Visitor: 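Attaching a single structure in C-alpha cells format; questions to follow.
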Amino acid sequence: MPEPETGPEQEIGKAVLLGLCPKCGGKTLFDGLLKFAPRCRSCGLDYTQFNVGDGPAAFLTLIVGAIIAVLAIWLQLSFEPPFWVHAVLWVPLTTVLVIGGLRMAKAWLLGAEYRRRAGEGRLRD
Ligand SMILES: [Zn+2]
C-alpha cells in the first residue's frame, strides 16, 4: 500500500509541533525549553541568522490571556468554586499554554523566514 502523501501544510505543522529543523527535518531546533540552538546539529543550518523577535510573545499574551479569562469567568459563573480552585487551575494552565504556544510560534516563524528567505535588507552589489 502506498504511503499517504504529505503536503507542505502537514510538513509545516509537524515541524512546528516537534521543533524540527526547516532544512533537514532533524529534531534540533531547540536547545532547552524556549531557546533556539545556535545551529542544526545534523545539517549545520545557522539558526542565529533568523530573527524571530518578540512578535510571538505579544500575540500569545493576548490569545492565552483571552482564553484563560473566558474559562475563568465561565467556571466562576457556572460553579462558583472557592478562590484556590482558580489558582490551582489557571496558573499551571497559563504556564503550559504560554510555553507550548511560544515554542510553536517561534518554530513556525523561523520556518517561515527560512522558506521565504527573509532577512535583513541588503544593497545589491
Ligand atoms: Zn538541519
Side-chain angles (χ1 to χ4, degrees):
M1 209 164 105
E3 288 276 311
E5 257 186 64
T6 55
E9 289 83 15
Q10 283 138 325
E11 290 298 315
I12 293 169
K14 196 173 151 201
V16 164
L17 278 177
L18 300 176
L20 305 181
C21 169
K23 188 176 176 188
C24 71
K27 204 173 172 183
T28 59
L29 191 56
F30 287 99
D31 190 14
L33 207 52
L34 287 173
K35 189 172 157 259
F36 284 131
R39 60 181 55 251
C40 177
R41 289 186 301 279
S42 110
C43 72
L45 177 66
D46 180 14
Y47 295 142
T48 59
Q49 66 179 308
F50 303 103
N51 182 10
V52 171
D54 290 334
F59 236 134
L60 273 165
T61 304
L62 294 173
I63 294 169
V64 171
I67 291 170
I68 297 295
V70 167
L71 288 175
I73 292 168
W74 169 81
L75 182 72
Q76 182 61 38
L77 294 179
S78 303
F79 301 103
E80 296 184 17
F83 179 76
W84 64 264
V85 173
H86 287 288
V88 166
L89 274 180
W90 308 128
V91 172
L93 186 64
T94 303
T95 307
V96 167
L97 284 178
V98 165
I99 291 174
L102 258 182
R103 270 181 77 98
M104 291 194 291
K106 287 176 78 169
W108 177 72
L109 277 173
L110 190 140
E113 282 187 22
Y114 175 78
R115 285 187 304 279
R116 299 191 175 110
R117 294 180 175 82
E120 299 276 323
R122 265 173 254 125
L123 295 174
R124 264 190 234 147
D125 298 324

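Only a predicted model underlies this, so the values are computations on that prediction, with no experimental measurement involved.
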Visitor: Leu71 and Ile67: side chain to side chain contact (heavy atoms under 4.5 Å, CB included), yes or no, with the steps?
Guide: CA-CA 6 Å; Leu71 288 175; Ile67 291 170; 4.0 Å; yes
Visitor: Scan residues 60-74 for pairs that pass side-chain hydrogen bond (donor to acceptor under 3.5 Å, both in side chains), counting only residues two or more places apart or in two chains.
Guide: Trp74-Ser78
Visitor: Taking ILVMFWY side chains as joined if any heavy atoms are under 4.5 angstrom apart, and letting links pass through other members, which residues group with Leu77?
Guide: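 Joined to Leu77, directly or through intermediates: Ile73.
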Visitor: Mind checking side chain to side chain contact (heavy atoms under 4.5 Å, CB included) for Val88 and listing every partner two or more places apart, or none if nothing turns up?
Guide: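 So Val88 forms a side chain to side chain contact (heavy atoms under 4.5 Å, CB included) with Trp84.
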Visitor: Side chain to side chain contact (heavy atoms under 4.5 Å, CB included) with Ala69: which residues, sequence neighbours excluded?
Guide: none
Visitor: Membership question, hydrophobic clusters at under 4.5 Å side-chain separation (ILVMFWY): are Val98 and Phe59 in the same one?
Guide: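 Yes, one cluster joins them.
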Visitor: Group every Ile, Leu, Val, Met, Phe, Trp and Tyr by side-chain heavy-atom contacts under 4.5 Å, then state whether Val91 and Val70 land in the same group.
Guide: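 No, Val91 does not connect to Val70 through the hydrophobic network.
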Visitor: Does Phe79 reach the side chain of Val85, with side-chain heavy atoms less than 4.5 Å apart?
Guide: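 In short, these two side chains do not touch, never coming nearer than 4.5 Å.
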Visitor: Mind checking whether Ser42 and Cys21 have side chains closer than 4.5 Å, heavy atoms only?
Guide: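 Counting from C-beta outward, Ser42 and Cys21 never come under 4.5 Å.
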Visitor: Measure across Val52 and Leu110 and return the closest heavy-atom pair with its distance rounded to 0.1 Å.
Guide: CG2-N, 4.0 Å
Visitor: Please identify each residue that fulfils side chain to side chain contact (heavy atoms under 4.5 Å, CB included) with Ala105, with sequence neighbours left out.
Guide: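 Expected list: Pro56, Leu60.
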Visitor: Are Tyr114 and Leu17 connected into the same hydrophobic cluster when the rule is that any two of I, L, V, M, F, W, Y join if their side-chain heavy atoms are below 4.5 Å apart?
Guide: yes
Visitor: With sequence neighbours excluded, give me every side-chain hydrogen bond (donor to acceptor under 3.5 Å, both in side chains) pair touching residues 88-109.
Guide: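 For residues 88-109: His86-Trp90.
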Visitor: Could you state the interatomic distance from CG (Leu109) to CE (Met104), rounded to the nearest 0.5 Å?
Guide: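 That separation rounds to 12.5 Å.
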Visitor: Same cluster for Ile68 and Ile99 if Ile/Leu/Val/Met/Phe/Trp/Tyr side chains link at under 4.5 Å?
Guide: yes
Visitor: Output all residues satisfying side chain to side chain contact (heavy atoms under 4.5 Å, CB included) with Lys14, sequence neighbours left out; order by chain, then residue number.
Guide: Leu18, Leu20
Visitor: Is any side-chain heavy atom of Leu93 less than 4.5 Å from a side-chain heavy atom of Leu89?
Guide: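 No, side chains not in contact.
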Visitor: Throw together a table of side-chain donor-acceptor distances under 3.5 angstrom for residues 26-41, partners on residues two or more places apart or in other chains.
Guide:
from, atom 1, to, atom 2, distance (Å)
Thr28, OG1, Tyr47, OH, 3.0
Arg39, NH1, Gly44, O, 3.0

Visitor: Is there side-chain contact between Pro81 and Gln76, with at least one heavy-atom pair below 4.5 Å?
Guide: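 They are in contact (side-chain heavy atoms under 4.5 Å apart), so the answer is yes.
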